[in-house]
Amino acid sequence: MITQQLQLPNGQTIAYQLDLRARRSIGLKITAEGLVVHAPKRISASQLQQVLQEKSSWIQQKLALREANQVAPMQWLDGEPLLFMGQDIVLTLVAHPTSKAVTLEGDKLLVRSPYINNPDWVARKVLQWYAQQALPDFKRRVALIAAQMGEQVSGVGLSNAKSRWGSCNSRKQIRLNWRLIQAPPHVIQYVVCHEMAHLKEMNHSARFYAVQASLFPQYEHAEKALKALSPILHRMA
Ligand SMILES: [Zn+2]
């Protein structure tokens, strides 16, 4: 993939990914990352330019639509929807003179505090709560899979990465993004299995995918679900 610039008739310049392949026609696609153009390997720059100009109103429309579909960031207000292990829950702010407890009761995440009107404070407390739920859940999953594999890990930690769901290093340390605890259990399980499969294969080779499939046969389905959920999982900064 090569990053290219396209000047639209309205003067707007957009970046797009150009993917040259053995194919006959030009294909345009809007992904989470923006415009991707698949084109024949031997296409000339002017030919490509011409097709993109012809399609420019389509491109503009699709990009605008994608922007409109992007999930609004959290405001940390009472009544805002949240996601926890695939369940819709509601942020519920309760003014309290002394308590600062955060508890999940039914579908309500109750945040009691004298500072409920301070979004930064509320955000910090809620993120802390998510991390507290995430770590024991991830640790339990890792322990079960490690036993099944006959492997040992040297540690499980949380990560706050923006673009990675997990990692596994040569010292057998597993890190998992705390945001995953918002996702349905099968999606969490898939990511844990992916990282655990790296204990056997430190790459994304066919052998790696065979290990991953032995731990989590429906990984393709879960991977798609995770991609689709990604904007929502990133609502909380
Ligand atoms: Zn991997």
Side-chain angles (χ1 to χ4, degrees), residues 1-3 15-22 27 29-38 66 69-71 83-87 127 130-237:
M1 296 262 210
I2 318 159
T3 304
Y16 67 95
Q17 301 294 317
L18 178 60
D19 181 23
L20 295 173
R21 289 185 187 178
K29 203 165 73 178
I30 305 290
T31 71
E33 283 74 42
L35 175 62
V36 180
V37 179
H38 301 288
R66 172 179 153 256
N69 277 336
Q70 270 170 1
V71 183
L83 198 60
F84 177 63
M85 295 188 84
Q87 302 292 313
L127 264 50
Y130 271 94
Q132 281 164 3
Q133 312 309 308
L135 192 58
D137 181 274
F138 298 169
K139 278 187 168 167
R140 197 183 62 239
R141 289 176 195 278
V142 166
L144 287 171
I145 301 163
Q148 181 189 338
M149 294 172 80
E151 284 278 351
Q152 272 190 330
V153 298
S154 52
V156 182
L158 296 181
S159 97
N160 188 30
K162 286 272 182 264
S163 57
R164 295 182 74 176
W165 293 116
S167 63
C168 172
N169 64 23
S170 55
R171 283 165 289 158
K172 297 185 188 269
Q173 291 166 326
I174 306 272
R175 304 237 297 155
L176 295 156
N177 198 309
W178 65 268
R179 289 179 184 84
L180 279 171
I181 197 68
Q182 298 170 91
H186 76 279
V187 173
I188 303 174
Q189 187 73 8
Y190 151 69
V191 176
V192 178
C193 288
H194 179 100
E195 299 311 333
M196 297 292 284
H198 281 311
L199 293 172
K200 300 257 191 229
E201 291 290 332
M202 271 296 176
N203 49 52
H204 290 133
S205 64
R207 284 211 305 267
F208 167 82
Y209 281 104
V211 178
Q212 176 172 267
S214 74
L215 297 175
F216 196 93
Q218 261 126 41
Y219 66 87
E220 278 170 340
H221 170 78
E223 190 181 14
K224 267 190 200 140
L226 177 59
K227 257 195 195 136
L229 260 180
S230 177
I232 295 175
L233 303 188
H234 281 96
R235 271 184 87 209
M236 294 196 281

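Remember, it's 1-based here, ligands and their atoms both numbered in the order they're listed. Just the heavy atoms: all of them, side chains too, but no hydrogens, waters or symmetry mates, feed the values below.
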Polar side-chain atom of Arg179 near backbone of Lys162 as donor-acceptor pair, under 3.5 Å: no
Please check: side-chain N/O of Gln212 versus main-chain N/O of Ala197, any donor-acceptor pairing under 3.5 Å? no
Search all heavy atoms of Phe138 against all heavy atoms of Trp178 and return the closest pair with its distance. CE1-CA, 4.2 Å
Given a cut-off of 2.8 Å, the protein N, O or S atoms lying below it from the Zn ion (ligand 1) are His194 NE2, His198 NE2, His204 NE2
When every non-hydrogen atom of Leu158 is compared with those of Arg175, the smallest separation belongs to O-NH1, 2.9 Å
Taking atom NE2 of His186 as the centre, does the number of heavy atoms from other residues, nucleotides or ligands within less than 6.0 Å exceed 12? yes
For residues Asn203 and His198, report the shortest heavy-atom separation together with the two atoms involved. O-CE1, 3.1 Å
